[in-house]
Amino acid sequence: MITEKRAFTLNGYGAVAALLVLQLLTAGLLVQALAANSIAAVGWALAAALVGFCWHGLFLVAPNQGKILQLFGKYVGTEHATGLRWTNPLI
């Protein structure tokens, strides 16, 4: 018998604010590293790409509905909280 599990998610609006700050910070530091012709530009480019990938963790749950979350085809949990939510971008 399959039992429903509560999925790990965070408030999406807080995640949008945090991701926006992180994206601007990494982009700014990348520009500074490029201007200084530093090897640190590679690290900041990877950090900016990672933050950009984290944007894919946002999803929307409509009222009176739920979202089933899967990781590589395996059931992880179900989210019933209405509104914008954020979880692991691989899910």
Look up atom CG in L29 and atom CD in Q32, then write down how far apart they are to the nearest 0.5 Å.
-> 5.5 Å
Not counting sequence neighbours, which residues clear side chain to side chain donor-acceptor pair (under 3.5 Å) with T82? List them please.
-> none
Examine I91 and F53 and state if one hydrophobic cluster contains both, with Ile, Leu, Val, Met, Phe, Trp and Tyr joined whenever side-chain heavy atoms are less than 4.5 Å apart.
-> yes
Smallest separation among heavy atoms of A41 and L34, with atom names | CB-CD2, 3.7 Å
State, to 0.1 Å, how close W55 and V16 come at their nearest heavy-atom pair, and which atoms those are.
-> CH2-O, 3.8 Å
Is it possible for you to say whether F8 and L19 belong to one hydrophobic cluster, with membership spreading through side-chain heavy-atom contacts below 4.5 Å?
-> yes
Check whether more than 12 heavy atoms from other residues, nucleotides or ligands sit under 6.0 Å from atom CD1 of I68, and answer yes or no.
-> no
Consider only side-chain heavy atoms of I, L, V, M, F, W and Y, link residues closer than 4.5 Å, and tell whether L20 and L58 are in one cluster.
-> yes
Closest heavy-atom pair and its distance - C54, P89 = CA-CG, 3.7 Å
Verify same cluster id: W44, V31 (apolar side-chain graph, 4.5 Å) = no
Hey, does the side chain of W86 reach the backbone of G14 with a donor-acceptor pair shorter than 3.5 angstrom?
-> no
Side-chain donor/acceptor of Y75 to backbone N/O of K5, under 3.5 Å | yes
Could you walk me through whether L46 and L50 pass the side chain to side chain contact (heavy atoms under 4.5 Å, CB included) test, one step at a time?
-> CA-CA 6 Å; L46 290 174; L50 179 65; over 6 Å; no
Applying side chain to side chain contact (heavy atoms under 4.5 Å, CB included), name anything that partners F59, two or more places apart in sequence or on another chain.
-> T9, V61, K67, L69, E79, R85, T87
Do V42 and L30 share a hydrophobic cluster, counting only Ile, Leu, Val, Met, Phe, Trp and Tyr and linking them when any side-chain heavy atoms are less than 4.5 Å apart?
-> no
Minimal heavy-atom distance between A40 and A33, with the atoms involved, is C-CB, 4.2 Å
Quick note, side chain to side chain donor-acceptor pair (under 3.5 Å) partners involving residues 57-66, not counting sequence neighbours, are none
